[in-house]
Amino acid sequence: MVKLAIFASGAGSNAAKIIEHFACNKAVIINLIVSNKKEAGVLGIAAAANIDTLIINRSGFYETAECVNELKKRGINFIVLAGFLWKIPTSLIEAFPNRIINIHPALLPNYGGKGMYGNFVHEAVIAAGEKESGITIHYVDAHYDEGDIIFQAKCSIDATDTPASLAAKIHALEHAHFPLVIEELLKKLA
C-alpha cells in the first residue's frame, strides 16, 4: 500500500481532486496533509475527509529533521506538492528520492523558478504574448521547478484572456490530469 502525503499552502482544490480520486482505491491511502499556513483552505478539506494534518513552521522545516521524522513515522512513501509554496529542503529530497512530485501552472522550463506561482505565472505568460500555456508535473529536485518532467498538458491563450481566465483554464487541466498522473506513477511503485 502506498501512503501519500499532500503538501499544500492554499485553498486545496488540487488536493480535493486527489483525495476524491483515491477515495475508493485500496492500494493508495492519503495519510497526511502538510501545510505551512494555519488558515489554509486545504486543512478544512482534510478535516472533511478525516485526514490527519501537520502544520509546519519555517525553522522546523529547514533546520531540523522534524518533518522528515514525522513522515517516516507515519510510513509515508510518496509526496505530492499541490500548491505548496516553499522550496523543499535537501534533507526531504534525500529521504524521498524520486518520490516527491510537483505541479506547476506553466509549461516548464519556461515561467518557473522562485516567485513564479499562481497569478505571477499567468501574468508573465500573457505579458510575453504566448499563444499557449499549460501544466507541468515534475519530480522535485534541489532547484525550483527544474526536476525531470513527467507530464505536460497544454491550453490555448486567446487574445481576450486575462490572468484570471487563464488560471481557470489551468485549473481545469490540473484537476483533469494530476490525479491520473499520480495514479500511473504509483502503479509503477507497486
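Note that the structure is predicted; figures quoted are calculated from it, not measured.
Between Lys87 and Asp145 there is no salt bridge, since no side-chain N of the basic residue sits under 4.0 Å from a carboxylate O of the acidic one. Under the 4.0 Å criterion applied to side-chain N and carboxylate O atoms, Lys188 and Glu184 are not assigned as salt-bridge partners.
Contact annotation: the side chain of Ile137 never approaches that of Asn102 to less than 4.5 Å [non-hydrogen atoms, C-beta and beyond]. Side-chain contact between Asp158 and Lys169 is present, with heavy atoms from C-beta onward closer than 4.5 Å. Counting only heavy atoms from C-beta outward, the side chains of Leu71 and Leu92 approach each other to under 4.5 Å. His138 is not listed as a side-chain neighbour of Asp148, based on a closest heavy-atom distance of 4.5 Å or more. Looking at heavy atoms from C-beta onward, Val125 lies in side-chain contact with Val121 at the 4.5 angstrom threshold. Contact of the Ile45 side chain with the Ile19 side chain is registered, since non-hydrogen atoms from C-beta on lie closer than 4.5 Å. Contact of the Ile56 side chain with the Ser35 side chain is not registered, since no non-hydrogen atoms from C-beta on lie closer than 4.5 Å. The shortest distance between side-chain heavy atoms of Tyr139 and Arg99 does not fall below 4.5 Å.
By the 30° and 60° cut-offs, the orientation of the rings of Phe7 relative to Phe84 is perpendicular.
Here Leu108 contributes atom CG and Met116 contributes atom CE; the two are 9.5 Å apart, rounded to the nearest 0.5 Å. The NE2 atom of His21 lies 8.0 Å from the CD1 atom of Ile182; values are rounded to the nearest 0.5 Å.
Tested against Leu4 for a side chain to side chain contact (heavy atoms under 4.5 Å, CB included), the candidates Ile76, Val80, Ile33 yield a single pass: Val80.
A donor-acceptor pair shorter than 3.5 Å cannot be found between the side chains of Glu132 and Ser156. Residues Ser13 and His175 have side chains that bring a donor and an acceptor to within less than 3.5 angstrom of each other.
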Q: Show your working on side chain to side chain contact (heavy atoms under 4.5 Å, CB included) between Ile6 and Ile30 and close with a plain yes or no.
A: CA-CA 8 Å; Ile6 299 173; Ile30 298 168; 3.9 Å; yes
Q: Assess whether side chain to side chain contact (heavy atoms under 4.5 Å, CB included) is satisfied between Val2 and Ile29, documenting all intermediate values.
A: CA-CA 6 Å; Val2 176; Ile29 182 168; over 6 Å; no
Q) Given Ser133 and Leu166, is the side chain to side chain contact (heavy atoms under 4.5 Å, CB included) satisfied, shown in steps? A) CA-CA 8 Å; Ser133 190; Leu166 180 55; 4.1 Å; yes
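Ile135 and Ile149 end up in different hydrophobic clusters when Ile, Leu, Val, Met, Phe, Trp and Tyr side chains are linked at under 4.5 Å.
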